[in-house]
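Below you'll find the structure, written out as structure tokens, and then a few comments.
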2 protein chains.
Amino acid sequence: MRLVIARCSVDYAGRLTAHLPMAPRLLLFKADGSISVHADDRAFKPLNWMNPPCSVKESTDDDGTEIWTVTHGKSGEKLVLRIEEIQHDSTHALGADPGLQKDGVEAHLQELLAEHITTLGDGYTLIRREYPTAIGPVDILCRDGEGSTVAVELKRRGDIDGVEQLTRYLELLNRDPSLSPVKGVFAAQEIKPQARVLAADRGIACVTLDYDALRGIEPDTPRLF
Amino acid sequence: MRLVIARCSVDYAGRLTAHLPMAPRLLLFKADGSISVHADDRAFKPLNWMNPPCSVKESTDDDGTEIWTVTHGKSGEKLVLRIEEIQHDSTHALGADPGLQKDGVEAHLQELLAEHITTLGDGYTLIRREYPTAIGPVDILCRDGEGSTVAVELKRRGDIDGVEQLTRYLELLNRDPSLSPVKGVFAAQEIKPQARVLAADRGIACVTLDYDALRGIEPDTPRLF
DNA sequence: CCATAAATGTCGATT
DNA sequence: AATCGACGTTTATGG
């Protein structure tokens, strides 16, 4: 990893065109070949970057300004850095990273809800998780207290896209006479107002899930609402 | 901006739980208070980070290991860094960045297409951009050569989602007798095959836009196809 | 401040 | 290569 602090201007030409006026910035060269240009704010996103694979060509302007031209191997995208003044330049050997271990994403929510399917209502029974269809797996398929089939779409954040997704599943599932009629439940930790409106318009029920509460329930203690 | 290269382990507890085993990494402290942890790969994406506003508390473990606890002001998210060995530590004054100037994003495409609405066909006239509806603004509303209302959904990359979005608008607009019948046009720099199929199925026309050509047209010279 | 939509989204799995 | 869905999405914009 090479760290350069320098006054530079940047021009990107690729998926869009972008320009950064001359100013002091951090240039981050990683071992994977990627390059990113950071200002002194925003933790996550650099001002400009180039993904690997890419190559750097160093050259010099008429007036002696150093120019680094970064070209992406496949797409031909280009990043042109004009380097006016280097304040710092150091290289460090880091080695391969053991990597990030994550916990608590949608997969876990699905497990929990499948385990506590009565969260959706009294008498609910699980048919199966990841019920396969031609257009992809339905997160959870179950039956309600009256024996009707229910398709559940699960999200951490319930957006309008999720409702569309569930709508497609319902349309498909309802063509199967052995399942039809299939009801829809849109379940998420948080459901956006627009998603709620669209779901209501399509006759889809909305359920907000409390992750901590679900995790806290004893496996054999169904919770009633 | 402070650059630290150190062997560290990281624990994040917030929207999810995540752990990074002890390894050498770059710690990037920015002037806005944000912190990011980078490995020597994964392009510009940090392994872990904390957005401002957040505060750092330094402490020491029983066995003398330095511990930096980063807490997010609002959400209470936490990032705990255990620092074993510092290889490098330098601070640099960068100042405020003039910022990135972009060209070629959807907003710009919309301006250009509105200005050259006859790109869609001879006789087209603009009604307005960002035509408001209950479920969000239609990118462009216009009339074709025969006086029919046309709703245009604009994307840089035309995906299936965009067709769904336009479909929702059309359904709503067609409930208004003063506008109905409203045709749909899906316009993008690039339209994915599936999006094209779905659009055709819904009677929506597809138009691929040439950004450079649009920009090159003289304002008062309509282009005919 | 909340809600929404765009993004050079990125990333991974699957076909 | 294309598609699909998740992401601690992040970021910008408008109310």
Side-chain angles (χ1 to χ4, degrees), chain A residues 10-18 34 36-37 41-52 72 74-79 100 102-110 132 134-137 139 153-162 164-166 168 188-197, chain B residues 10-18 34 36-37 41-52 72 74-79 99-100 102-110 130 132 135-137 139 153-157 159-162 165 188-198:
Chain A
V10 186
D11 283 279
Y12 166 74
R15 282 172 279 185
L16 55 65
T17 312
S34 65
S36 51
V37 181
D41 60 358
R42 273 163 294 193
F44 195 83
K45 218 184 162 187
L47 291 165
N48 246 320
W49 70 93
M50 189 68 83
N51 290 328
H72 189 260
K74 286 269 171 83
S75 62
E77 292 167 286
K78 258 184 197 169
L79 205 59
L100 189 65
K102 290 182 184 179
D103 176 35
V105 283
E106 189 193 310
H108 200 184
L109 255 185
Q110 192 189 106
I135 56 170
D139 287 337
E153 177 61 33
L154 201 62
K155 295 280 180 217
R156 210 180 58 73
R157 299 171 93 125
D159 215 332
I160 212 161
D161 285 357
E164 294 286 11
Q165 198 178 338
L166 179 52
R168 289 196 295 273
Q189 281 184 279
E190 184 198 346
I191 300 181
K192 295 293 173 67
Q194 272 205 346
R196 234 175 248 282
V197 171
Chain B
V10 186
D11 282 279
Y12 167 74
R15 282 173 276 184
L16 55 66
T17 314
S34 65
S36 53
V37 181
D41 60 357
R42 293 168 178 80
F44 71 76
K45 225 183 150 185
L47 291 165
N48 247 319
W49 68 95
M50 190 67 83
N51 290 325
H72 189 261
K74 280 277 168 77
S75 61
E77 292 167 286
K78 259 185 195 168
L79 205 60
L100 189 64
K102 289 183 187 181
D103 180 27
V105 289
E106 188 193 310
H108 202 175
L109 258 183
Q110 190 188 110
E130 301 288 347
I135 56 170
D139 287 336
E153 178 60 35
L154 201 63
K155 293 281 178 216
R156 212 174 53 72
R157 300 175 69 169
D159 216 332
I160 208 165
D161 284 359
Q165 198 178 337
Q189 282 183 277
E190 184 198 347
I191 300 181
K192 295 292 174 66
Q194 272 208 345
R196 231 174 252 282
V197 171
L198 186 63

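What you see is a predicted model; the values in this text were computed from it and never measured. Letters A, B, ... mirror the listed sequences (proteins, then strands); counts begin at 1.
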Let me spell it out: for each of B:Arg42 and A:Glu77, pick the nucleotide of DNA chain C with the closest heavy atom. Which residue's pick is nearer the 5' end?
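The residue whose closest nucleotide sits nearer the 5' end is A:Glu77.
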B:Asn51, nearest nucleotide to its side chain (from D:dT10, D:dT3, C:dT10):
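Looking only at side-chain atoms, B:Asn51 lies closest to D:dT10.
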Looking only at side-chain atoms of A:Phe44, point me to the closest of D:dG8, D:dA12, D:dT10.
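Shortest atom-to-atom distance from the side chain points to D:dT10.
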Where is the tightest heavy-atom contact between [X] and [Y], given as atom of each residue plus distance?
X	Y	result
A:Asp139	A:Leu154	OD2-N, 2.7 Å
B:Glu77	B:Met50	O-CE, 3.5 Å
A:Val37	A:Pro46	O-CB, 3.3 Å
B:Gly136	A:Gln194	N-NE2, 4.3 Å

What nucleic acid atoms does [X] come within less than 4.0 Å of, heavy atoms only: base, sugar-phosphate, or nothing?
X	value
A:Tyr12	base
B:Asn48	base
B:Lys74	sugar-phosphate

[M] and [N], which share atom name [atom1], separated by this distance in whole Å:
N	M	atom1	answer
C:dA5	D:dG8	P	22 Å
D:dC7	C:dA7	C1'	13 Å
C:dT4	C:dT8	P	22 Å

Return the polar atom pairs (N/O with N/O) between nucleotides 5-7 of chain C and the protein under 3.5 Å, or none.
| residue | atom | partner | partner atom | Å |
| --- | --- | --- | --- | --- |
| C:dA5 | OP2 | A:Gln194 | OE1 | 3.4 |
| C:dA6 | OP1 | B:Glu106 | OE1 | 3.3 |
| C:dA6 | OP1 | B:Glu106 | OE2 | 3.4 |
| C:dA6 | OP1 | B:Lys155 | NZ | 3.2 |
| C:dA6 | OP2 | B:Lys155 | NZ | 2.8 |
| C:dA7 | OP1 | B:Glu106 | N | 2.9 |

Does a side-chain N or O of B:Arg157 approach OP1 or OP2 of D:dT3 to a distance below 4.0 Å, or not?
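False: B:Arg157 side-chain N/O out of range (4.0 Å or more) of D:dT3 OP1/OP2.
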Determine, step by step, whether B:Val10 and B:Leu47 satisfy the side chain to side chain contact (heavy atoms under 4.5 Å, CB included) criterion, reporting the C-alpha distance in whole Å, the side-chain angles of both residues, the deciding distance to 0.1 Å, and the verdict.
CA-CA 9 Å; B:Val10 186; B:Leu47 291 165; over 6 Å; no
Counterpart residues, ring-ring contact (aromatic ring centres under 6.0 Å, His included), relative to B:His108 (two or more places apart):
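Testing B:His108 for ring-ring contact (aromatic ring centres under 6.0 Å, His included), a comparison that skips the adjacent residues, returns B:Tyr211.
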Return the value, rounded to whole Å, for the distance between atom CG of B:Leu198 and atom P of D:dT3.
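Rounding to the nearest Å, CG of B:Leu198 and P of D:dT3 are 12 Å apart.
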